[in-house]
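All residue numbers in this chain count up from 1 along the given sequence. Ligands are counted one by one from 1 in listed order, and the atoms in each one are counted from 1 as well. The structure presented is a predicted model; accordingly, all values stated were derived computationally and were not measured.
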Amino acid sequence: KSSGYRDIQISYTADHVLEITLHRPEARNALNTNLLAELSRAFTDAQADPDIRCVILTGGDKVFAAGADIKELAAHDATTIRDDVRPTYWAVIREFTKPMIAAVNGYCLGGGNELAMHADVIIAGENALFGQPEINLGIIPGAGGTQRLLHAVGKSKAMEMVLGGTMIKAAEAREVGLVSTITPPETCLETARELASRIAAKSPLATMAAKKAVLQAYERPMQEALLFERELFAALFDTEDMKEGVHAFMEKRQPTFKGL
Ligand code: HXC
């Protein structure tokens with residue numbers, strides 16, 4: 001399963017947890033087409049593999065990702081960028097239904113920040129720096145940055161970052177809600193792994209329903225989203241995992257969820 005990748009690395013770091021590491025150290029993990037294609041393949045496989053219940057995405061200790069590969073972008077005009085294959089790779093990540101945690105150290109810029117914002121939870125090392133510097137190149141974010149950043153941090157801070165190319169440090173990123181937790185850089189990944197293991201021990205049917213329900217807030221008006229939530233809630237009552245969860249509680253033992 002781990003073979004054949006050049007610009008990412010994948011490994012199983014705990015039961016039901018897949019870790020994907022961006023690996024282009026020579027280019028600050030810039031997201032070139034090959035890296036995105038490999039990410040898309042890894043997420044497609046992870047989606048199909050019932051053994052995987054949570055994914056951690058990281059760039060390692062020093063840098064998360066410095067954005068789209070600017071050297072590749074330089075070769076495009078409006079016509080070729082409209083026909084670009086990369087949005088199909090982003091779509092696979094966007095449509096991934098299992099919980100995903102980003103563990104971010106160092107630069108998390110442009111498409112890198114957009115990638116981190118595809119995660120359900122962002123854990124950041126104190127050395128992390130978040131930004132959408134596309135404006136400095138005469139362009140704007142193109143993989144969801146204008147929308148997801150707005151939802152994460154609110155209009156004024158999003159506009160400051162998108163219009164001014166202003167970077168924010170980890171502490172501010174937590175303050176404004178872009179990241180959930182900050183840690184010393186050395187323990188960022190470990191903190192993400194602890195959360196991933198906790199999530200991976202839950203019913204995968206319930207965690208996927210929870211993710212889907214929360215994300216409806218971006219898609220639908222409140223009343224519709226509440227009906228959608230209620231239906232997902234109801235559907236879980238026919239699962240073996242629900243029976244296991246409530247019986248384990250009543251029998252004062254830990255549940256073992258099977259995803260059934
Ligand atoms: C291609 C990149 C790169 C990038 C860094 N490198 N970022 N290559 N695309 N986004 C390369 C450099 O060219 C250099 O290669 C090597 O990585 C090290 O970079 P340095 O700049 O020397 O490192 P440092 O001084 O530590 O600065 C790190 C940095 C800076 C602050 C991250 O590299 C930087 O500002 N990068 C660009 C950030 C950016 O503008 N991102 C937005 C991209 S647009 P050589 O060969 O010289 O050693 C975008 C659009 C998204 O993301 C659209 C989504 C679809």
Side-chain angles (χ1 to χ4, degrees), residues 6-9 20-43 57-96 100 102-119 122 124-153 157-173 178-179 185 188 218:
R6 186 186 72 202
D7 294 328
I8 64 172
Q9 297 173 334
I20 303 176
T21 306
L22 310 176
H23 186 65
R24 286 190 77 208
E26 74 287 359
R28 302 290 187 269
N29 291 339
L31 310 172
N32 64 359
T33 302
N34 184 66
L35 189 154
L36 285 170
E38 291 185 1
L39 267 185
S40 146
R41 182 149 67 88
F43 276 101
L57 185 60
T58 184
D61 292 345
K62 295 192 183 66
V63 61
F64 184 73
D69 190 303
I70 297 173
K71 290 161 195 168
E72 275 187 1
L73 291 185
H76 280 285
D77 60 26
T79 304
T80 62
I81 203 80
R82 282 192 192 104
D83 290 341
D84 192 20
V85 64
R86 279 172 288 191
T88 63
Y89 301 143
W90 282 99
V92 170
I93 305 167
R94 182 174 73 236
E95 285 158 19
F96 187 64
M100 174 180 166
V104 174
N105 278 311
Y107 291 112
C108 184
L109 302 178
N113 194 39
E114 293 175 298
L115 180 59
M117 290 190 294
H118 277 67
I122 303 177
E126 285 153 357
N127 62 350
L129 273 171
F130 298 86
Q132 297 290 159
E134 289 90 341
I135 204 82
N136 300 327
L137 303 170
I139 55 173
I140 65 171
T146 62
Q147 303 307 299
R148 291 196 181 86
L149 192 63
L150 173 82
H151 283 294
V153 307
K157 184 54 69 179
M159 286 292 195
E160 183 188 350
M161 293 172 72
V162 170
L163 294 174
T166 314
M167 291 188 205
I168 60 171
K169 294 180 182 168
E172 184 175 0
L178 178 58
V179 313
C188 175
Y218 295 147

Identify, for [atom], the protein heavy atom at the shortest distance, and state residue, atom and that distance.
{"atom": "atom 54 (C) of ligand 1", "result": "E114 OE1, 3.6 Å"}
{"atom": "atom 28 (C) of ligand 1", "result": "Y107 CE1, 3.6 Å"}
{"atom": "atom 11 (C) of ligand 1", "result": "A27 CA, 3.9 Å"}
{"atom": "atom 10 (N) of ligand 1", "result": "A68 O, 2.9 Å"}
{"atom": "atom 38 (C) of ligand 1", "result": "A66 O, 3.3 Å"}
{"atom": "atom 34 (C) of ligand 1", "result": "L109 CD1, 4.8 Å"}
{"atom": "atom 44 (S) of ligand 1", "result": "L137 CD1, 3.6 Å"}

Would a 4.0 Å cut-off, counted as strictly less than, catch a protein heavy atom around [atom]?
{"atom": "atom 48 (O) of ligand 1", "answer": "no"}
{"atom": "atom 21 (O) of ligand 1", "answer": "no"}
{"atom": "atom 30 (C) of ligand 1", "answer": "no"}
{"atom": "atom 15 (O) of ligand 1", "answer": "yes"}
{"atom": "atom 7 (N) of ligand 1", "answer": "yes"}

Main-chain N/O of [Y] paired with [X] side-chain donor or acceptor, under 3.5 Å:
{"X": "S40", "Y": "V92", "value": "no"}
{"X": "N127", "Y": "P185", "value": "no"}
{"X": "E72", "Y": "T33", "value": "yes"}
{"X": "E114", "Y": "G142", "value": "yes"}

Check your understanding: How many angstroms lie between atom CE of M161 and atom CG of L150, to the nearest 0.5 angstrom?
Key ->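 The CE atom of M161 sits 12.0 Å away from the CG atom of L150.
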
Practice item. Show the numbers, then the answer: is there a salt bridge (charged side-chain N to carboxylate O under 4.0 Å, His left out) between R41 and E38? Key: CA-CA 5 Å; R41 182 149 67 88; E38 291 185 1; 5.4 Å; no

Point to revise | Heavy-atom closest pair, residues I20 and A42 | key: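 It is CD1-CB, 4.0 Å.
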
Practice item. Would you check whether M167 has a nitrogen or oxygen atom less than 3.5 angstrom from a nitrogen or oxygen atom of ligand 1? Key: no

Point to revise | Residues in side chain to side chain donor-acceptor pair (under 3.5 Å) contact with D69, at least two apart in sequence or another chain | key: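 Residues passing side chain to side chain donor-acceptor pair (under 3.5 Å) with D69: R24.
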
Check your understanding: Looking at residues at least two apart in the chain, or sitting in another chain, which of them share a side chain to side chain donor-acceptor pair (under 3.5 Å) with N113?
Key ->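 Side chain to side chain donor-acceptor pair (under 3.5 Å) check on N113 returns Q132.
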
**Study point:** Ligand-side contact atoms (ligand 1) for residue partner G111, heavy atom cut-off under 4.0 Å
**Key:** 49 (C), 51 (C), 52 (O)

Check your understanding: For atom CG of L137, is the number of surrounding heavy atoms from other residues, nucleotides or ligands below 6.0 Å larger than 12?
Key ->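 Enclosed: over 12 neighbouring heavy atoms sit under 6.0 Å from CG of L137.
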
**Study point:** Of the listed options R24, K71, R28, closest to atom 12 (C) of ligand 1 (non-hydrogen atoms)
**Key:**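 Nearest heavy atom to atom 12 (C) of ligand 1 lies in K71.
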
Point to revise | Candidate with minimal heavy-atom separation from atom 1 (C) of ligand 1, of I70, L129, N136 | key: I70

